[in-house]
K.L.:
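Structure incoming, see below.
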Amino acid sequence: MRCAACGKLLFKVGRSSGDGLEIERSCRGRLDNVTCGLVNVGRVTDSPGKTVADSLSKRWKCTECGYHLARVHPVKGRVAVRCRCGAKVGVTAADAIRATRPPARAS
């Protein structure tokens, strides 16, 4: 999913091996005066109203440095992030995967 204002990649969405969707976001927090950069992966629901085991909830933090990555609503699968340009982006993961899916080819 990209920022509508500046086009920067905010997070990636893909199908998980089990139920739900898998989202990944690179950390931009600081750890020992160096950007952390760890790619954090979590699961969210693919159909609003249905929870997924081990899904992210509320505040999603980096597992390495504790930086706040996003706010996640576990039942709706809504992911809210802030871009470096200052824009707020909020989207359900199911809508984000539909938006990133390439168009079908005509045969």
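The structure presented is a predicted model; accordingly, all values stated were derived computationally and were not measured.
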K.L.:
Can you find a heavy atom in the side chain of Arg59 that is under 4.5 Å from one in the side chain of Arg71?
P.N.:
yes
K.L.:
Can you tell me how far SG of Cys83 sits from CZ of Arg2, rounded to the nearest 0.5 angstrom?
P.N.:
10.5 Å
K.L.:
For side-chain contact (heavy atoms from CB on, under 4.5 Å), just list the numbers for Leu10 and Arg25, CA-CA rounded to whole Å, side-chain angles, deciding distance to a tenth of an Å, and then say yes or no.
P.N.:
CA-CA 7 Å; Leu10 299 174; Arg25 179 169 167 121; 4.1 Å; yes
K.L.:
Closest approach of Ala70 and Val81, non-hydrogen atoms and distance?
P.N.:
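Reported closest heavy-atom pair: CB-CG1, 3.3 Å.
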K.L.:
Set out, in order, the CA-CA distance, both residues' side-chain angles and the distance that settles side-chain contact (heavy atoms from CB on, under 4.5 Å) for Lys58 and His73, then state yes or no.
P.N.:
CA-CA 6 Å; Lys58 305 287 181 183; His73 191 288; over 6 Å; no
K.L.:
Measure the CZ-CD distance between Arg15 and Glu22 for me, rounded to the nearest 0.5 Å.
P.N.:
12.0 Å
K.L.:
For the CG atom of Asn40 and the CD atom of Glu64, what is their distance to the nearest 0.5 Å?
P.N.:
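Asn40 CG to Glu64 CD: 9.0 Å, rounded to 0.5 Å.
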K.L.:
Could you give the distance from SG (Cys62) to NE2 (His68), rounded to the nearest 0.5 Å?
P.N.:
12.5 Å
K.L.:
For the residue pair Thr45 and Leu21, what are the closest heavy atoms and their distance?
P.N.:
O-CD1, 4.3 Å
K.L.:
Quick check for you: to the nearest 0.5 Å, what is the distance between Trp60 atom CH2 and Cys27 atom SG?
P.N.:
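Answer rounded to 0.5 Å: 10.0 Å.
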K.L.:
Going by heavy atoms in the side chains, are Val89 and Arg82 under 4.5 Å from each other?
P.N.:
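A side-chain contact is absent here, since even the closest heavy-atom pair is not under 4.5 Å.
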K.L.:
Answer whether the closest heavy-atom distance between the side chains of Tyr67 and Lys61 falls below 4.5 Å.
P.N.:
no
K.L.:
Checking side chain to side chain contact (heavy atoms under 4.5 Å, CB included) against Val13, which of Val44, Val91, Ile23, Val79 comes through?
P.N.:
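Single side chain to side chain contact (heavy atoms under 4.5 Å, CB included) partner of Val13 among Val44, Val91, Ile23, Val79: Ile23.
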K.L.:
Just wondering, do Leu38 and Ser26 contact through their side chains at under 4.5 Å, heavy atoms?
P.N.:
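Result no, sub-4.5 Å side-chain heavy-atom pair not found.
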K.L.:
Is a side-chain donor-acceptor pair under 3.5 Å present for Arg30 with Thr35?
P.N.:
yes
